[in-house]
Number of protein chains: 2
Amino acid sequence: MPVKRRPGTRVEPESVSELTTERLSVYLRCLEGLDRARIKTVSSRTLAEHLHLNPAQIRKDLAYFGEFGVRGVGYYVTELSRHLRQILGLDRRLSVVIVGAGNLGMALADYPGFRREGFEVIALFDTAPHKIGGTSRSGVPVLDIAELKEVAAREHVDIAVIAVPADASQSVAESIVAAEIRAILNFSPGAVRAPDGVKVKNMDLTVSLASLSFYLAQGTNGQTR
Amino acid sequence: MPVKRRPGTRVEPESVSELTTERLSVYLRCLEGLDRARIKTVSSRTLAEHLHLNPAQIRKDLAYFGEFGVRGVGYYVTELSRHLRQILGLDRRLSVVIVGAGNLGMALADYPGFRREGFEVIALFDTAPHKIGGTSRSGVPVLDIAELKEVAAREHVDIAVIAVPADASQSVAESIVAAEIRAILNFSPGAVRAPDGVKVKNMDLTVSLASLSFYLAQGTNGQTR
DNA sequence: TTTTGTGAACTAGTTCACAGCT
DNA sequence: AGCTGTGAACTAGTTCACAAAA
C-alpha cells in the first residue's frame, strides 16, 4: 500500500540511520553527474550499477522521504537531485569554522570541495599568538579561539571542524558546544564527548590506518562501501 | 565452553568485521594511555566506561583473537596492548605514500600522528612539474607519479593515500593497484574501484559534511561512536 | 513491458545474562 | 566476591520478491 506522505515531508528522526544519510549524499553526487550529462531519468538499477550497490537499498533509502519515482520509468534526475539537496539541508549556504590552524586545519580551510558543495569556511581559530591575525593561503582569517563564541553568535556558524592535537580536542569540543554550534567534524584522534543535541562525526586517521594495517597483516579481503 | 585457540592465533578473515578492527584500534589507544599511567589491569567494564561502549562488546571483540583476560581480574594492560598491536599489524614499521601533493597531501605528509603510530610517509607523488623535486615542510620528497611503481617495488610500500581531485582519483587508484600496493586510504570524493585483494577505505569529507547537514536540517539527534 | 515501493526474509551487529574460572 | 567468555536474544541493516502503477 502506498505511503501517503508527500515528497519533502519530514520523517521521524529516529527512523533514518546515518548509513542512509551518507548514501543519500553519494546518490546526490552521482545524480549531479548524470544531470551534467543531460540524462533525464535514471532507474534504481542503473544508479546501483554506477555505485556498486543494491537497487532495493536505493529505493528504500529514497522511500523514507517520499515517493520520488515513477513506475516503469525511474527517477527524474534533476527533480531527485533537488529533493536530495533539500533533504540533506544542502539547499542553503552552510557556514563552517575550523579550530586548529596547523597544517591540517589550513589545508582544510583551503579545500575547494567545501565551497563547491555549498560550505563556506568563514574562519580558523587557534591559540598560538603568532598564528592569530594571519590568514590561510586562500585568505581565511585566523582568529583567537576566545572569539569563537562571539563569532558563532554573530555569523550563525553551522559546523565546527576540530583539527587540533589529541590532548586539546576535548577542551576545544567544549568551547564549540559553549558557542552553541550543533555539529562537529572531528579529525583529532580519540572520540570527543558532546551533549545530546550536538552531533559529532569522527574522522580518525589513526583508526583508518590501523584498520588497513589489520587487513594487510591478516590478509583479509574486502571493500569499503 | 572455552575456545581452545591460543592468543595471537590467526582467525578466519571473514568473521571479523571492519567495525571490530576499528574498535580494536580505539582500545589500543586507550590501553596505551592506561599503560603510561602505570595502571596494571583493566576490566571490560572500566574500559567500556572510558570509551562509552558496552563491556560485552569489548569482550567479544577481543575474544575473536584469543583469551586475553583473567576471570576475576580483567586484562593485563601491557600484555593486551602488545597483543592488539600484533593483531593490528602495528608491531612493525609500515610505509606509506601519498598521491597528490596539494594542500591536503602536503598536510597529511607532515601529520605527526602518522609517525607516532608507526607509519612512515616515504614520499609524495604528483604530476605537476613545478611540484616534482620539491619536498613537504618536514622534508618528504615529491616525486613523479611515473616513478610510483618503481618506488613501491624498491621500498615495499604498504599503504597509499589518495589526495587528488575527484576527476583524477580513479586513474590514480589504478596506478596504485598497478604498483601492487594492497591498501588505499581515499580522501577523494567518490568511491574508487579496486580489484579484490586491494582494500579501499574512503574518508569522504563531502559525505561527512552532508550527513552533519542532514542532522542540522532535520533536527535528528545522535552521536557517532 | 518496465520499474517503483514495500512487506517478508535474511544477514550482520549488539547486548543480555549466566556458567564457569580465579 | 569479581570478571571473563559466550550462547541466546535482540536490534539494525540489507536483500529478496512481488503487487501495483505507468
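Every chain is numbered from 1, with letters handed out A, B, ... down the list of sequences.
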Polar side-chain contact B/Lys60-C/dT15 base: donor and acceptor under 3.5 Å: yes
Qualifying residue, where the test is side-chain contact (heavy atoms from CB on, under 4.5 Å) with B/Ile181 and the options are B/Ile159, B/Val97, B/Val99: B/Val97
Whole-Å distance separating the OH atom of B/Tyr76 from the P atom of C/dT22: 11 Å
Evaluation steps, side chain to side chain donor-acceptor pair (under 3.5 Å), between B/Tyr111 and A/Asn103: CA-CA 8 Å; B/Tyr111 178 62; A/Asn103 286 328; over 6 Å; no
Separation of atom CG in B/Leu19 from atom P in C/dT14, rounded to whole Å: 5 Å
Residue-phosphate contact under 4.0 Å: B/Ser44 side-chain N/O, D/dT4 OP1/OP2: yes
Atom-pair distance (CZ on A/Phe68; C1' on D/dA21), nearest Å: 18 Å
Donor-acceptor pair between A/Thr46 and A/Ser43 side chains, under 3.5 angstrom: yes
Check: A/Arg71 side chain, C/dT4 base, donor-acceptor under 3.5 Å: yes
Candidates C/dT15, C/dC21, D/dG13 - which lies nearest the side chain of A/Ser17: D/dG13
Integer-rounded Å distance: C/dA17 P and B/Asn54 CG: 11 Å
Side-chain heavy-atom pair A/Val161, A/Val96 within 4.5 angstrom cut-off: yes
Side chain A/Gln218, main chain B/Ile87, donor-acceptor under 3.5 Å: yes
N/O (side chain, A/Tyr75) to phosphate O (OP1/OP2, C/dG5) under 4.0 Å: yes
Nucleotide D/dC3, atom P - distance to CD of B/Glu49 in whole Å: 11 Å
Rounded distance in Å - CG (B/Leu53) to C1' (C/dG13): 13 Å
Nearest-neighbour nucleotide for the A/Arg59 side chain, C/dG5, D/dT15, D/dA22 considered: C/dG5
Separation of atom CD1 in B/Ile58 from atom C1' in D/dC3, rounded to whole Å: 13 Å
D/dT14 phosphate, OP1 or OP2, under 4.0 Å from A/Arg23 side-chain N/O: yes
Atom-pair distance (CG on B/Leu80; P on D/dT4), nearest Å: 11 Å
